[in-house]
Amino acid sequence: MNNYATVMAIVEGATEENFINTVLAPYLGYKNIWMHATQISKPGQKGGDVRFDRVKNDIMRHLKQRKDTIVTLFLDFYGLAEWPGLESVSFNSSPAQIEQILCYATKLEIKGFLPDVDVEGRFIPFFIVHEFETLLFSNSAVLADGLGIKKQKIDKTLREFNGDLERINNSRETAPSKRIEKWMPSYKKTVNGIPIAAKIGVEQMRRSVPLFDEWITKIERVNSKCTG
C-alpha cells in the first residue's frame, strides 16, 4: 500500500490549475497527499458555462484509470450550467446548502454511470461559492497590499457580510472578482491572484472559508484511509 494518496483535481481554467499546483499541492504534500490539477477547458477557451456533459467524461476516465486515485472537482458555482442539482438551488440557498445539493446530485449521477466503482469513497466534488477570489478575502491586509489599495476598502466589504466570505456575492456583477476589478482594473487572476493567494497561505484560507476547509478535511480523511 502506498504511503501517500494521489488526488486528481478537475478544474475550470488556468487560475484554478495554477492555484492547486503551486499553492495547494505543496501544502498537501507535507501531509502525504499528492495532488495534481487538470483543466476541463480546452487551451484558449474562455472559462464559465461549465456543463456536466463536458466534465463527466473526465471524472469517469480518472476514476476508472487507477483504483487508488482520488478524483475531486474545484469548480466555480456561478460558472455552472446544465448541472445535476442546479435546478434545486434557490435564490435564498445558503452557500452550505448550495454545496450540499450540488455535491449530492453530482455523486448520484456519477454512481449511475459507474456502478462498479467506489464513487462514494473516491470522488470528492467541490464547488467554490462563489469563485476563486473568495479565498483572497481571507486576509484583507495581504489582499490590499497586492492590489495597491487601502485595507479599509476591503474591510468595509467584509463588514457588509459580517465577515462571511462565502456570502460576498449577491449577483454576477458583485462577485468577489468583480469587486476586485473595480479596485484594480488591471487585475489578472493568474498574474495577481495567485501570488496573493500564496502569500495568504492555505491555513488562513481554511480558517476563513468553512466550505474550503471542509473540502480539504475530506481529502485528508481519505488520505488517512489510503495510507492506513
Side-chain angles (χ1 to χ4, degrees), residues 4-29 33-86 89 98-114 117-135 177 189-190 193-194 197 202 205 209 211-223 226:
Y4 63 89
T6 300
V7 181
M8 179 59 68
I10 300 172
V11 303
E12 178 181 345
T15 302
E16 295 82 5
E17 182 179 26
N18 287 343
F19 169 69
I20 286 179
N21 289 341
T22 65
V23 179
L24 186 54
Y27 170 83
L28 291 174
I33 301 171
W34 186 83
M35 175 181 275
H36 179 73
T38 179
Q39 293 184 50
I40 59 170
S41 302
K42 295 179 181 179
Q45 181 177 342
K46 187 176 180 180
D49 192 30
V50 178
R51 301 173 186 273
F52 184 66
D53 281 345
R54 284 180 53 201
V55 185
K56 68 179 182 181
N57 290 334
D58 287 340
I59 297 172
M60 293 190 291
R61 175 165 53 86
H62 289 296
L63 282 172
K64 289 188 293 186
Q65 278 182 347
R66 287 178 51 180
K67 294 182 179 181
D68 59 348
T69 297
I70 307 304
V71 179
T72 189
L73 301 179
F74 186 84
L75 300 177
D76 173 6
F77 164 65
Y78 267 149
L80 301 181
E82 297 182 7
W83 196 274
L86 198 58
V89 175
I98 293 171
E99 171 73 2
Q100 183 179 31
I101 291 169
L102 294 179
C103 286
Y104 175 80
T106 303
K107 273 196 170 186
L108 196 63
E109 285 287 327
I110 296 300
K111 284 180 181 179
F113 287 114
L114 300 175
V117 173
D118 181 18
V119 174
E120 189 63 38
R122 294 178 47 222
F123 180 45
I124 307 174
F126 175 61
F127 303 91
I128 184 73
V129 182
H130 286 92
E131 59 181 348
F132 162 75
E133 276 76 12
T134 297
L135 302 173
S177 62
K189 291 174 179 283
T190 53
I194 300 301
V202 177
M205 293 175 184
V209 188
L211 292 179
F212 178 74
D213 176 60
E214 183 180 305
W215 174 53
I216 300 299
T217 299
K218 289 178 181 178
I219 292 173
E220 290 171 339
R221 288 172 179 167
V222 169
N223 175 51
C226 290

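Side chains are part of it too, since the values below use all heavy atoms of this structure and drop only hydrogens, waters and symmetry mates. This chain uses plain numbering: 1 for the first residue, then up along the sequence.
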Go through the steps for F126 and T106 under the test side chain to side chain contact (heavy atoms under 4.5 Å, CB included), then give the verdict.
-> CA-CA 10 Å; F126 175 61; T106 303; over 6 Å; no
Got F123 and L114 here, is their nearest side-chain heavy-atom distance under 4.5 Å?
-> no
Taking every heavy atom of K189 against every heavy atom of T15, the minimum-distance pair comes out as CB-OG1, 3.1 Å
Check salt bridge (Lys or Arg N to Asp or Glu O under 4.0 Å) between K56 and all other residues, then give those that pass, not counting sequence neighbours.
-> D53
Hey, is the main chain of F74 close enough, under 3.5 Å, to the side chain of E12 for a donor-acceptor pair?
-> no
Sequence neighbours left out, what pairs pass salt bridge (Lys or Arg N to Asp or Glu O under 4.0 Å) with at least one residue falling in residues 69-86?
-> R51-E82
Looking at residues at least two apart in the chain, or sitting in another chain, which of them share a salt bridge (Lys or Arg N to Asp or Glu O under 4.0 Å) with D58?
-> R61
Given the rule in the side chain to side chain contact (heavy atoms under 4.5 Å, CB included) test, do I70 and I219 qualify, once you have shown the distances and angles that lead to the verdict?
-> CA-CA 8 Å; I70 307 304; I219 292 173; 5.8 Å; no
Considering residues at least two apart in sequence or located in another chain, which fulfil the side-chain hydrogen bond (donor to acceptor under 3.5 Å, both in side chains) criterion with K111?
-> E120
Between CG on residue L24 and CE on residue M35, distance to nearest 0.5 Å | 5.0 Å
I10 and H62: which non-hydrogen atoms are nearest, and at how many Å?
-> CD1-CD2, 4.1 Å
Locate the shortest heavy-atom distance separating P125 from E99; write the atom from each residue and the value.
-> O-OE2, 3.8 Å
Look up atom CG in L102 and atom CG in L75, then write down how far apart they are to the nearest 0.5 Å.
-> 10.0 Å
What residues form a side-chain hydrogen bond (donor to acceptor under 3.5 Å, both in side chains) with T72, not counting sequence neighbours?
-> W215
Can you name the one residue among V11, V50, I59 that meets side chain to side chain contact (heavy atoms under 4.5 Å, CB included) with L73?
-> I59
Side chains of F212 and V129: closer than 4.5 Å at any heavy-atom pair?
-> no
Student check: side-chain heavy atoms of F127 and L211 closer than 4.5 Å | no
What residues, two or more places apart in sequence or in another chain, satisfy salt bridge (Lys or Arg N to Asp or Glu O under 4.0 Å) together with E16?
-> none
Would you call the rings of F52 and W83 parallel, tilted or perpendicular, where under 30° means parallel and over 60° means perpendicular?
-> perpendicular
Would you call L28 and I216 a side-chain contact if the rule is heavy atoms closer than 4.5 Å?
-> yes
To the nearest 0.5 Å, tell me how far D118 CG sits from K67 NZ.
-> 10.5 Å
Does the R122 side chain pair with the main chain of T69, one donor and one acceptor, at a distance under 3.5 Å?
-> yes
For residues T38 and E17, report the shortest heavy-atom separation together with the two atoms involved.
-> CA-OE2, 4.5 Å
Taking C-beta and beyond as the side chain, do I33 and V7 meet within less than 4.5 Å on heavy atoms?
-> yes
Would you say N57 and F113 make side-chain contact, with heavy atoms under 4.5 Å?
-> no
Interatomic spacing from SG in C103 to CD in E214 - rounded to 0.5 Å = 8.0 Å
Heavy-atom donor-acceptor pair, T134 side chain to E131 backbone, under 3.5 Å | yes
Is any side-chain heavy atom of L135 closer than 4.5 Å to a side-chain heavy atom of I128?
-> yes
Minimal heavy-atom distance between A197 and M205, with the atoms involved, is O-CE, 3.4 Å
Which heavy-atom pair separates A9 from I20 by the least distance, and what is that distance?
-> CB-CD1, 3.6 Å
May I ask you to test the V23-V202 pair for a side-chain heavy-atom distance under 4.5 Å?
-> yes
